[in-house]
Amino acid sequence: WAMDFIDFFNIAPITVETTRKMVSSGFELIHYTKELLEERRLSPREDFLGSLVKASEGGGGLNEDEMVGNAMLLLLAGHIAVRNLVGNTVWL
């Protein structure tokens, strides 16, 4: 899913096919993340998603869309940074 997002912004020109792939992967990632959040509500864990869910209980913290957005941002930003860092290190 992350690669479909990243490739969408790295491949020129943007095509209907790359757009469909990115949108489809985006919806799948959103659905999966919502399932993980529900899992954390039912069985709390001491991890990032568990902390988001715990903070949102009682009306405080982020709403579900904000939690999903933050989880996706960290996945994609962390993925790109690490991939580029390792690739550049090997190249150098």
Side-chain angles (χ1 to χ4, degrees):
W1 296 320
M3 290 306 298
D4 289 342
F5 260 87
I6 294 163
D7 287 346
F8 177 78
F9 296 102
N10 289 334
I11 296 174
I14 294 172
T15 65
V16 171
E17 183 56 34
T18 59
T19 303
R20 281 190 186 125
K21 198 172 181 182
M22 189 267 298
V23 170
S24 175
S25 289
F27 281 123
E28 290 175 19
L29 183 55
I30 289 168
H31 179 73
Y32 179 71
T33 305
K34 286 183 177 185
E35 287 178 353
L36 291 176
L37 290 169
E38 184 59 27
E39 196 176 286
R40 295 311 187 276
R41 284 185 191 95
L42 298 173
S43 300
R45 294 187 197 167
E46 295 294 322
D47 60 10
F48 176 70
L49 294 178
S51 297
L52 289 178
V53 168
K54 186 176 180 180
S56 71
E57 293 172 352
L62 305 174
N63 65 38
E64 185 171 44
D65 288 337
E66 293 167 334
M67 288 188 281
V68 169
N70 276 281
M72 289 176 65
L73 173 68
L74 286 174
L75 170 68
L76 297 172
H79 179 94
I80 294 168
V82 172
R83 182 183 77 165
N84 292 343
L85 175 66
V86 171
N88 286 330
T89 301
V90 169
W91 182 77
L92 288 173

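Throughout, numbering of the chain's residues begins at 1 and tracks the sequence. A quick note: this is a predicted structure, and the numbers were derived from the prediction, not measured.
Residue pairs meeting the salt bridge (charged side-chain N to carboxylate O under 4.0 Å, His left out) criterion with at least one member in residues 10-39, sequence neighbours excluded: Asp4-Lys21, Glu38-Arg41, Glu39-Arg45. Applying the ring-ring contact (aromatic ring centres under 6.0 Å, His included) test to every pair with at least one member in residues 32-75, sequence neighbours left out, gives these pairs: Trp1-Tyr32. Within the structure, the side-chain hydrogen bond (donor to acceptor under 3.5 Å, both in side chains) test picks out no pair touching residues 50-70 (sequence neighbours left out).
Here CE of Met72 is found 6.5 Å from OG1 of Thr33. Values are rounded to the nearest 0.5 Å. For the atom pair CG (Leu62) and CG (Leu37), the distance works out to 10.0 Å, reported to the nearest 0.5 Å.
Residues passing the side chain to side chain donor-acceptor pair (under 3.5 Å) test with Thr18 are Thr15, sequence neighbours excluded.
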Let me check something: any side-chain donor-acceptor pairs from residues 85-92 under 3.5 Å, sequence neighbours excluded? List them with distances.
residue: Asn88; atom: ND2; partner: Asn84; partner atom: O; Å: 3.2
residue: Thr89; atom: OG1; partner: Leu85; partner atom: O; Å: 2.7

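Residues Arg40 and Asp47 form a side-chain contact, since some pair of their non-hydrogen atoms from C-beta on lies under 4.5 Å apart. Using a 4.5 Å heavy-atom threshold, the side chains of Leu29 and Leu75 count as touching.
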